[in-house]
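Keep in mind that the numbers below use all heavy atoms, side chains included, and drop hydrogens, waters and symmetry copies. What you are looking at is a predicted structure, and each value in this text was computed from that prediction instead of being measured. Below, chains carry the letters A, B, ... as their sequence lines are ordered, and counting in each starts from 1.
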Amino acid sequence: MQANRKQLKKLNVLKSRSDFLKMREGKKWVSHGLILQIRENGTSDTRYGLTVSRKVDKSAVRRNRIKRRLRSVVCDVLPLYARPGVDYVLIGRPQTATRPYESLCGDLKWCLKKTGFLKEDAA
RNA sequence: CCAGAGGGGCGGAUGGCCGCUGCUUUUUGUAAAAAAGGUAGAGGAAAGUCCGGGCUUCACGGAAAGACGGCGCCGGGUAACGCCCGGGGAAGGCUUCAACGCCUUUACGGAAAGUGCCACAGAAAACAGACUACCUCGUCCUCGGACGGGGAAAAGGUGAAAAGGUGCGGUAAGAGCGCACCGCGCGACUGGCAACAGGAGCGGCACGGUAAACCCCGCCGGAAGCAAGACCAAAUAGGGACCGCGCUGCGGCUUCGGCCGCAAGGAUGGUUUCCGGAUCCGCGGUCCGGGUAGGUUGCUAGAGGCAAUGGGUAAUCAUUGCCCCAGAUGAAUGGCCAUCGCCGGGCGCGGAGCGAUCUUCGUCCGGUACAGAACCCGGCUUACAGCCCCUCUGGACAU
């Protein structure tokens with residue numbers, strides 16, 4: 001289920017604060033391990049961003065671990081299952097640090113399916 | 001061997017698949033860049049942001065004073081410190097008949113520069129004091145008391161603290177009133193760089209505590225911070241300069257290029273027309289400066305590490321040699337998995353022992369901390385699963 005390298009290169013990172021604020025206009029779906037915000041960006045690029053606020057965990061070490069696991073999930077799932085030309089923002093939850101990795105990948109696919117952005121040709 | 005105290009150190013390992021950031025090599029490519037390989041990549045506290053610096057900007061630069069803030073035994077270390085090391089004083093604890101000694105703590109300058117405060121109790125508490133009881137004199141009388149004058153700080157009671165303590169002399173009773181010892185103050189002189197220590201002799205004893213109360217004295221401090229600062233600079237709006245075309249009427253001004261005000265007109269908008277209203281009064285092009293998003297830089301070779309030798313009780317310093325050791329920026333240094341360590345507990349076989357119990361090995365379960373560089377150093381404080389080393393104390397065993 002690993003994505004190959006060519007597909008990974010298409011992923012860009014959301015950086016500016018205004019991009020994140022625009023995500024409020026898009027769709028949102030909550031799963032057990034993560035929250036997905038989704039919005040079409042009008043280009044052919046697939047972009048993603050991560051949000052783990054201080055509300056989730058006060059410890060910077062555990063917040064960084066949550067972000068690293070989410071980034072890994074994004075690299076494994078998005079190139080294969082997500083439609084291009086869309087911005088994705090994953091929001092961490094306290095359970096993200098301890099939930100099994102396979103379940104986290106399943107959570108992201110579930111959110112894609114529920115928001116209607118799952119790629120049609122992916123099984 | 002076990003337990004405790006103090007000091008110092010370490011802060012899991014190996015492998016597989018897939019990734020991230022910097023530097024670098026080769027190949028491809030006009031270039032941008034891409035691919036493959038190599039190499040480096042979180043901490044003892046990176047944390048809290050509490051002190052001290054470097055660095056940057058502000059004031060042209062410097063000095064002094066005042067205000068404000070901080071610090072405060074002495075000597076040393078340091079770029080500097082409120083930090084560190086050594087020493088001294090004081091307080092507390094242990095041992096001891098006691099001293100000596102050992103350990104711990106310590107914002108520890110000045111109370112004869114001045115001001116303030118010292119509750120309650122008590123007769124009296126800071127220019128300190130006669131309540132009871134003591135001694136004596138006088139008067140009265142119911143003959144042992146009452147009242148009045150005086151002497152006395154020895155006794156009682158109060159308090160955190162009561163005018164040096166004990167003994168002898170002395171006295172009407174007493175009192176450093178006198179003497180001895182102890183305490184206290186001043187102190188020649190001696191030791192020490194100093195803080196300070198010892199102390200001949202002198203003084204009948206006065207001069208309470210509190211400065212984390214005001215204050216006084218000495219020393220230090222300009223302010224803000226890498227979101228500092230420097231550079232490049234899109235879109236949009238707005239500013240300025242120049243060029244080309246356009247510029248109705250009236251009035252005013254004029255440096256004769258034009259400009260301003262009013263009216264008319266035009267443009268925008270609406271499916272069309274008319275009426276009314278709103279907004280605007282030039283349009284196009286080129287260039288310039290400020291400056292936002294964004295980007296580059298500052299950004300890691302430094303009060304740097306490691307080793308040896310030497311000086312010093314130590315903190316630490318000097319010399320020589322070797323080494324280059326994170327630079328991210330919605331923020332890299334990882335994600336997943338396997339095996340093994342380490343610690344705790346259960347079970348099983350075996351071993352030691354009379355026994356309590358201890359233990360090799362195997363197996364199962366649980367745990368494996370605190371915590372993430374953000375310009376960089378020196379400290380302090382706080383958090384921390386476990387493990388190792390040294391010193392001391394107590395206990396057990398053996399001799």
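B:rA161 and B:rG116 have their P atoms separated by 27 Å, with the value rounded to a whole Å. Of the C1' atoms belonging to B:rG379 and B:rU210, the separation is 35 Å, rounded to the nearest Å. Atom P of B:rC84 sits at a distance of 27 Å from the matching atom of B:rG101, rounded to the whole Å. Between B:rU104 and B:rG87, the two P atoms lie 12 Å apart (nearest whole Å). Comparing B:rU106 with B:rC177, their C1' atoms are spaced 46 Å from each other, to the whole Å. Comparing the C1' positions of B:rC370 and B:rA230 gives a spacing of 41 Å, expressed to the nearest Å. Spacing of C1' atoms, B:rG276 relative to B:rG258, comes out at 37 Å, to the nearest Å. Across the C1' atoms, B:rC380 and B:rC50 are found 7 Å apart, a figure rounded to whole Å.
Atom C1' of nucleotide B:rC337 and atom CG of A:Asp76 are separated by 13 Å, given to the nearest angstrom. Between A:Leu80 atom CG and B:rC18 atom C1' there is a gap of 13 Å when expressed in whole angstrom units. As a whole-Å value, the separation of A:Lys67 NZ from B:rG372 P is 14 Å. Summarising the geometry, the separation between CZ on A:Arg71 and C1' on B:rU21 is reported as 11 Å, rounded to the nearest angstrom. Spacing between atom CZ of A:Arg65 and atom C1' of B:rA42 amounts to 17 Å, rounded to whole angstrom units. Atom CG in A:Leu70 sits roughly 13 Å away from atom P in B:rA332 (whole-Å rounding). Note: NZ (A:Lys58) to C1' (B:rA383) measures 15 Å, nearest angstrom. When rounded to the nearest whole Å, the span between CG of A:Asn64 and P of B:rG334 equals 11 Å.
Between A:Leu108 and A:Tyr88 there is no side-chain heavy-atom pair separated by less than 4.5 Å. Between A:Asp19 and A:Lys22, the closest side-chain pair of non-hydrogen atoms falls below 4.5 Å. Between A:Leu90 and A:Leu36, the closest side-chain pair of non-hydrogen atoms falls below 4.5 Å. By the 4.5 Å heavy-atom criterion applied to side chains, A:Ile35 and A:Trp29 are not counted as neighbours.
Here A:Arg69 lies in heavy-atom contact (under 4.0 Å) with sugar-phosphate atoms only. Within the 4.0 angstrom heavy-atom criterion, no nucleotide atom of any strand lies near A:Val73.
Nucleotide B:rA119: unpaired (no Watson-Crick or G-U wobble partner with both distances less than 3.5 Å). Using N1 to N3 plus N6-O4 or O6-N4 for Watson-Crick, or N1-O2 and O6-N3 for G-U wobble, each under 3.5 Å, B:rG170 pairs with nothing. Pairing for B:rU268 goes to B:rA278, judged as Watson-Crick or G-U wobble with the two contacts each under 3.5 Å. For B:rG284, the paired nucleotide is B:rC243, the pair qualifying as Watson-Crick or G-U wobble because both relevant distances are below 3.5 Å. As the counterpart of B:rC262, B:rG249 is assigned, both hydrogen-bonding distances of the Watson-Crick or G-U wobble pattern falling under 3.5 Å. Look at B:rG75: its Watson-Crick or wobble partner, with both distances under 3.5 angstrom, is B:rC85. Summarising the base pairing, B:rU96 is matched to no nucleotide, lacking a Watson-Crick or G-U wobble pair whose two defining distances lie under 3.5 Å. For B:rA5, the paired base is B:rU391 (Watson-Crick or G-U wobble, both distances below 3.5 Å).
Across A:Glu40 and A:Phe117, no two heavy atoms sit closer than the pair CG-CE2, 3.8 Å.
The glycosidic torsion of B:rA318 lies more than 90° away from 0, which places this base in the anti conformation. Applying the 90° cutoff around 0 to the glycosidic angle, B:rG240 is assigned anti. Regarding the sugar-base torsion, B:rG44 falls in the syn class, its angle being within 90° of 0. Applying the 90° criterion around 0 to the glycosidic angle, B:rC325 comes out syn.
If A:Leu50 and A:Arg62 are placed on RNA chain B by their nearest nucleotide, the residue sitting closer to the 5' end is A:Leu50. Residues A:Ser72 and A:Gly49 both approach RNA chain B. Their nearest nucleotides, taken by heavy-atom distance, put A:Gly49 toward the 5′ side.
Interface remark: the A:Thr51 side chain does form a donor-acceptor pair with the B:rG330 base, using a distance-only criterion of under 3.5 Å.
Interatomic distance, A:Lys28 NZ to A:Ile38 CD1, rounded to the nearest 0.5 Å: 13.5 Å. Atom CG of A:Asn12 and atom OG1 of A:Thr46 lie 8.5 Å apart (nearest 0.5 Å).
Side-chain proximity of A:Tyr101 to the nucleotides B:rA371, B:rC336, B:rG330 is greatest for B:rC336.
Here A:Arg63 does not pair with A:Asp57 in a salt bridge; the nearest charged N to carboxylate O distance is not below 4.0 Å.
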